[in-house]
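Below: the structure, in C-alpha cells.
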There are 2 protein chains.
Amino acid sequence: MNIGEAAKASGLPAKTIRYYEDIGLIRIGRDSNGYRVFDADDVHRLAFLNRSRGLGFSIEDCRALLDLYDDTGRASEDVKRLASEHLARIDARIAELGELRRTMAGLVSACAGDARPDCPILKDLASGQRLAAGHQRLRE
Amino acid sequence: MNIGEAAKASGLPAKTIRYYEDIGLIRIGRDSNGYRVFDADDVHRLAFLNRSRGLGFSIEDCRALLDLYDDTGRASEDVKRLASEHLARIDARIAELGELRRTMAGLVSACAGDARPDCPILKDLASGQRLAAGHQRLRE
DNA sequence: ATAGGGCTTCCAGTAGATGGAGGGTCAAGA
DNA sequence: TCTTGACCCTCCATCTACTGGAAGCCCTAT
C-alpha cells in the first residue's frame, strides 16, 4: 500500500511517517516509481510508534522500545525501566504543574478583574512577593 | 551595569537577556563600546519577565503583561483574563497528564520487570488493547 | 488531452532558548 | 608595555517533534 493508506491504517499523518523514516525510526521499501510501499508489518510498527508517542515517550524512547520489541530475547526489566522512568517524569511534571496551579489560582482569585488598574497579579510579577503559595521554576 | 551583572540581578542568563532583546521583548541601551547598558528599571523588567516565564506564561503573554504593566490606565480585567486563560491551560494539561499517569502506572505495575522477555507493556503498545485505563492523545 | 488526486523532495518555520566559534574590550599585574 | 583573563559582541547551529508549503512527477478516469 501507499503512504496515504498506511497513514489511515496506522493513525499517523503521512508527513509524520516521512519524518520518522527520515530520522531512521523506521525503514520503508520503495516501488520502482519512487513511492514508499508499506506492508502489514510496517503499518503495525507505525501504529506501535503512534501509541508509544501517545503515551508521551520521546522519539529516542520509541526507538529503544521498538528495538526491544524486535529483540525476542529481551528482558522485560529493560522495558519496565524505560516505562518507570517515563512515569517518574510524568509525576514530576504533574507535581510541578500542581504547584504552578496553586500559585496561579491564588493570583487569579486575588484580582478584582474590573475596569480599575489596580492588579495584584501585576504587583506580584513586579515585586516577586508571592501572594499565593510558592512554586518551582518550570523546567519544560 | 553590564549584562553579567544584570543577569545576576534579574536571575536570567545573559544569553536569555540577549534573546529577549533580539525578539523585541525588551529594549536595552548601548554604551559607546557596543556593550549593553542596564539601569535599575531594565533589571526590574527582566525580573518581571523571569517571574512571568516562571509561572509558565508564553513569551507573547509576557509581552502583553509587560504592556499592561506599563499602561497605568489598564483594566485589571485584562490581566485577569490572561491569567485565567493560562490557569485553564494548566488545568487542562494536568488533567491530560493525570490520565496518562493512570495508564502508565497500570502498564508499569503489570510488567514483571525480570529477565524474561514476556512484557505486557510491549504487548499493549503492539496491540492497542489498553490494559489500564484509556487516555487522551497528548497535545504537547 | 486534461483534470484531479496522490506521491516525491526540499526548505522554512514553530517555542524558547542554549552552545559555540571568532573576535573586540577592559582592568590588573609583571 | 605587554599580557592574561574575564568580560562583552554578533552570528550560526542545535534541540524536540513535527507541520506547512512550493515545485514537480505519477496514475487514473474521462
Note to self: At 10 degrees resolution, what angle do the end axes of the helix from C/dA1-D/dT30 to C/dA30-D/dT1 form when each is taken over five base pairs?
What the structure shows: 40°
Next item on the list: Tell me, please, which residues at least two apart from A/Asp31 pass side-chain contact (heavy atoms from CB on, under 4.5 Å).
Entry: A/Asn33, A/Tyr35, A/Val37
Check: Are the charged groups of B/Arg27 and B/Glu21 less than 4.0 angstrom apart, N to O?
Finding: no
All N/O donor-acceptor pairs, side-chain side in residues 106-122 of chain A, below 3.5 Å, sequence neighbours left out:
from     : atom 1 : to       : atom 2 : distance (Å)
A/Ser109 : OG     : A/Ala105 : O      : 3.3
A/Ser109 : OG     : A/Gly106 : O      : 3.1
A/Asp114 : OD1    : A/Arg116 : N      : 2.9
A/Asp114 : OD1    : B/Ser76  : OG     : 3.2
A/Asp114 : OD2    : A/Arg116 : NE     : 2.8
A/Asp114 : OD2    : A/Arg116 : NH2    : 2.5
A/Asp118 : OD1    : A/Lys123 : NZ     : 2.6

Next item on the list: Pull out every residue in residues 23-36 of chain A that has a heavy atom closer than 4.0 Å to any atom of DNA chain D, ordered by number, or say none.
Entry: A/Asn33, A/Tyr35
Check: What's the CG-P distance between A/Leu12 and D/dA17, to the nearest Å?
Finding: 14 Å
Next item on the list: Please list all pairs passing the salt bridge (charged side-chain N to carboxylate O under 4.0 Å, His left out) test where one or both residues lie in residues 8-19 of chain A, with sequence neighbours left out.
Entry: none
Notebook entry, point to check: Between B/Ile3 (CD1) and C/dG24 (C1'), how many Å, whole number?
Noted result: 16 Å
Check: Does the distance from a Lys or Arg side-chain N to an Asp or Glu carboxylate O, for B/Glu60 and B/Arg63, drop under 4.0 Å?
Finding: yes
Next item on the list: Please lay out, stage by stage, how A/Asp61 and A/Arg53 fare under the test salt bridge (Lys or Arg N to Asp or Glu O under 4.0 Å).
Entry: CA-CA 9 Å; A/Asp61 280 349; A/Arg53 290 286 302 129; over 6 Å; no
Notebook entry, point to check: Can you find an N or O donor on one side and an acceptor on the other, under 3.5 Å apart, linking the side chain of A/Lys15 with the base of D/dG21?
Noted result: yes
Check: Tell me: CD1 of A/Ile59 to C1' of D/dC18, nearest whole Å?
Finding: 9 Å
Check: Any salt bridge between B/Arg81 and B/Asp78, counting N to O under 4.0 Å?
Finding: yes
Checklist line | Distance below 4.0 Å between B/Arg18 side-chain N/O and C/dT18 OP1 or OP2 | finding: no
Notebook entry, point to check: Of the candidate nucleotides D/dC9, D/dC18, C/dT18, which contains the atom at the shortest distance from the side chain of B/Pro13?
Noted result: C/dT18
Margin query: Considering only residues two or more places apart or on different chains, which pairs with a residue in residues 90-117 of chain B satisfy ring pair (Phe, Tyr, Trp, His ring centres under 6.0 Å)?
Written below: none
Notebook entry, point to check: Please give, in whole Å, the distance from D/dC11 C1' to B/Asp22 CG?
Noted result: 10 Å
Margin query: Given D/dG21, C/dT18, D/dC8, identify the nucleotide with an atom nearest to the side chain of B/Asn2.
Written below: D/dC8
Next item on the list: Take B/Lys8 and B/Glu21, find for each the nucleotide of DNA chain D with the closest heavy atom, and name the residue whose nucleotide sits nearer the 5' end.
Entry: B/Lys8
Note to self: Rounded to whole Å, please give me the gap between OH in A/Tyr19 and P in C/dA12.
What the structure shows: 17 Å
Check: Would B/Lys80 and B/Glu77 count as a salt bridge (Lys or Arg N to Asp or Glu O under 4.0 Å) if you check the C-alpha gap in whole Å, the side-chain angles of each, and the deciding distance to 0.1 Å?
Finding: CA-CA 5 Å; B/Lys80 186 166 185 168; B/Glu77 200 178 7; over 6 Å; no
Note to self: Any side-chain N or O of A/Thr16 below 4.0 angstrom from OP1/OP2 of D/dA17?
What the structure shows: no
Checklist line | For atom CD of A/Glu5 and atom P of C/dG6, their distance in whole Å | finding: 12 Å
Notebook entry, point to check: Separation of A/Phe57 atom CZ from D/dT16 atom C1', in whole Å?
Noted result: 17 Å
Next item on the list: To the nearest Å, give me how far apart CD1 (A/Ile17) and C1' (C/dT8) are.
Entry: 15 Å
